[in-house]
Amino acid sequence: GYIYVTNYGSDSVSVIDGANNTVIATIPVGSMPTGVAYDPSNGYIYVAVSGSDSVSVINGATNTVIATIPVGTWPEGVAYDPSNGYIYVTNQYSDTVSVINGTTVIATIPVGTWPEGVAYDPSNGYLYVANNDPTGTVSVINGATNTVIATIPVGSMPTGVAYDPSNGYIYVTNYGSDSVSVIDGANNTVIA
């Protein structure tokens, strides 16, 4: 029942007890932590540490860092894929996504320019990666094969990505065009 918050300016992760909304621990990680995701299969929390080009792995049972995984340059977004148990990390200045199994990088996937946000769609097993360059695209990764199967044009400088299970849509915030693109996961097209 804990919430993990990355503190970009403090090089740490705060652990909040959801039962009483208090900080119960502060975990030192590398420089400038950003994205964070939880893996229920092993109880680990994966933190993208942008300034250290790594991912810190926190054991949720002890709230300690148990591994530091080198990834690409400036990791940002983190997502968990329950269908294969892998963690996907966007490397903004390497234009890649690192695929982590446990504490090991098992694949590096080339995507678009400046990948930032990432979200998982359980209805099709795909991961949607917002490529933050001005042209604005979303790379679609098939989690079964760890390959890019589509590139979807969206607004300028997309950053955040979220999946809505009630309708199967993916919502992408476009920082550069002050809009949100709505992608239908059934056919990977922008519908609004």
Side-chain angles (χ1 to χ4, degrees), residues 1-69 71 74-92 97-105 115-130 132 138 141 143 158-175 180 182-183 185:
Y2 297 163
I3 295 92
Y4 293 79
V5 181
T6 57
N7 303 308
Y8 183 86
S10 303
D11 302 338
S12 64
V13 172
S14 293
V15 184
I16 298 171
D17 185 343
N20 55 22
N21 291 328
T22 58
V23 174
I24 59 166
T26 301
I27 306 167
V29 291
S31 175
M32 296 180 274
T34 51
V36 59
Y38 172 68
D39 180 345
S41 71
N42 57 21
Y44 296 164
I45 295 91
Y46 292 80
V47 178
V49 186
S50 296
S52 302
D53 299 337
S54 64
V55 170
S56 291
V57 184
I58 297 171
N59 183 337
T62 61
N63 285 329
T64 57
V65 174
I66 58 165
T68 301
I69 307 167
V71 291
W74 205 263
E76 283 256 350
V78 188
Y80 170 69
D81 180 344
S83 70
N84 56 22
Y86 298 160
I87 300 289
Y88 291 79
V89 180
T90 61
N91 302 305
Q92 189 169 32
V97 171
S98 295
V99 185
I100 297 172
N101 183 4
T103 57
T104 305
V105 174
E116 199 164 316
V118 57
Y120 173 71
D121 180 346
S123 71
N124 55 21
Y126 298 161
L127 292 112
Y128 292 80
V129 177
N132 187 240
V138 169
I141 297 172
T159 53
V161 188
Y163 169 73
D164 182 346
S166 72
N167 55 21
Y169 297 162
I170 295 91
Y171 293 81
V172 181
T173 59
N174 302 307
Y175 177 87
V180 173
V182 184
I183 298 171

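Just the heavy atoms: all of them, side chains too, but no hydrogens, waters or symmetry mates, feed the values below.
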* Looking at Ala37 and Val78, what are the two nearest heavy atoms and their distance? -> CB-CG1, 3.5 Å
* To do: Taking side-chain hydrogen bond (donor to acceptor under 3.5 Å, both in side chains) as the test, write out the residues that go with Ser98, two or more places apart.
  => Asn91
* **side chain to side chain contact (heavy atoms under 4.5 Å, CB included) partners for Asn21, two or more places apart** => none
* Of the non-hydrogen atoms in Thr104 and Ile69, which two are nearest, and what is the gap between them? -> N-CD1, 4.5 Å
* To do: Verify side-chain contact (heavy atoms from CB on, under 4.5 Å) between Val13 and Val36, making sure each step is shown before the conclusion.
  => CA-CA 10 Å; Val13 172; Val36 59; 5.9 Å; no
* Can you list the residues that meet the side chain to side chain contact (heavy atoms under 4.5 Å, CB included) rule with Ala67, with sequence neighbours excluded? -> Val57, Thr103
* Asked: With sequence neighbours left out, what residues match Tyr163 under side chain to side chain contact (heavy atoms under 4.5 Å, CB included)?
  -> Asp121, Pro122, Ser123, Pro165, Ile170
* Asked: To the nearest 0.5 Å, what is the distance between CG (Asp11) and OG1 (Thr6)?
  -> 11.0 Å
* To do: Quick one: list whatever passes side chain to side chain contact (heavy atoms under 4.5 Å, CB included) with Asn174, sequence neighbours left out.
  => Val154, Pro158, Val172, Ser177, Ser179, Ser181
* **Closest non-hydrogen atom pair, Leu127 against Ala79** => CD2-CB, 4.2 Å
* Asked: Atom CD1 in Ile16, atom OH in Tyr2: separation rounded to 0.5 Å?
  -> 12.0 Å
* Asked: Which pairs count as side chain to side chain donor-acceptor pair (under 3.5 Å) when at least one residue sits in residues 26-36, sequence neighbours excluded?
  -> Thr34-Ser50
* Structure fact -> Note: Ala130 and Val138 closest approach over all heavy atoms is CA-CG2, 4.4 Å
* **Heavy-atom pair of closest approach, residues Gly102 and Asn42** => CA-ND2, 4.4 Å
* Asked: Do Tyr126 and Ile141 have side-chain heavy atoms sitting under 4.5 Å apart?
  -> no
* Non-hydrogen atoms of Val49 and Pro75 that approach each other most closely -> O-CG, 3.6 Å
* Asked: Rounded to the nearest 0.5 Å, how far does CD1 of Ile45 lie from CG of Asn63?
  -> 6.5 Å
* To do: Step through the shown structure and confirm whether more than 12 heavy atoms of other residues, nucleotides or ligands are within 6.0 Å of OH on Tyr171.
  => yes
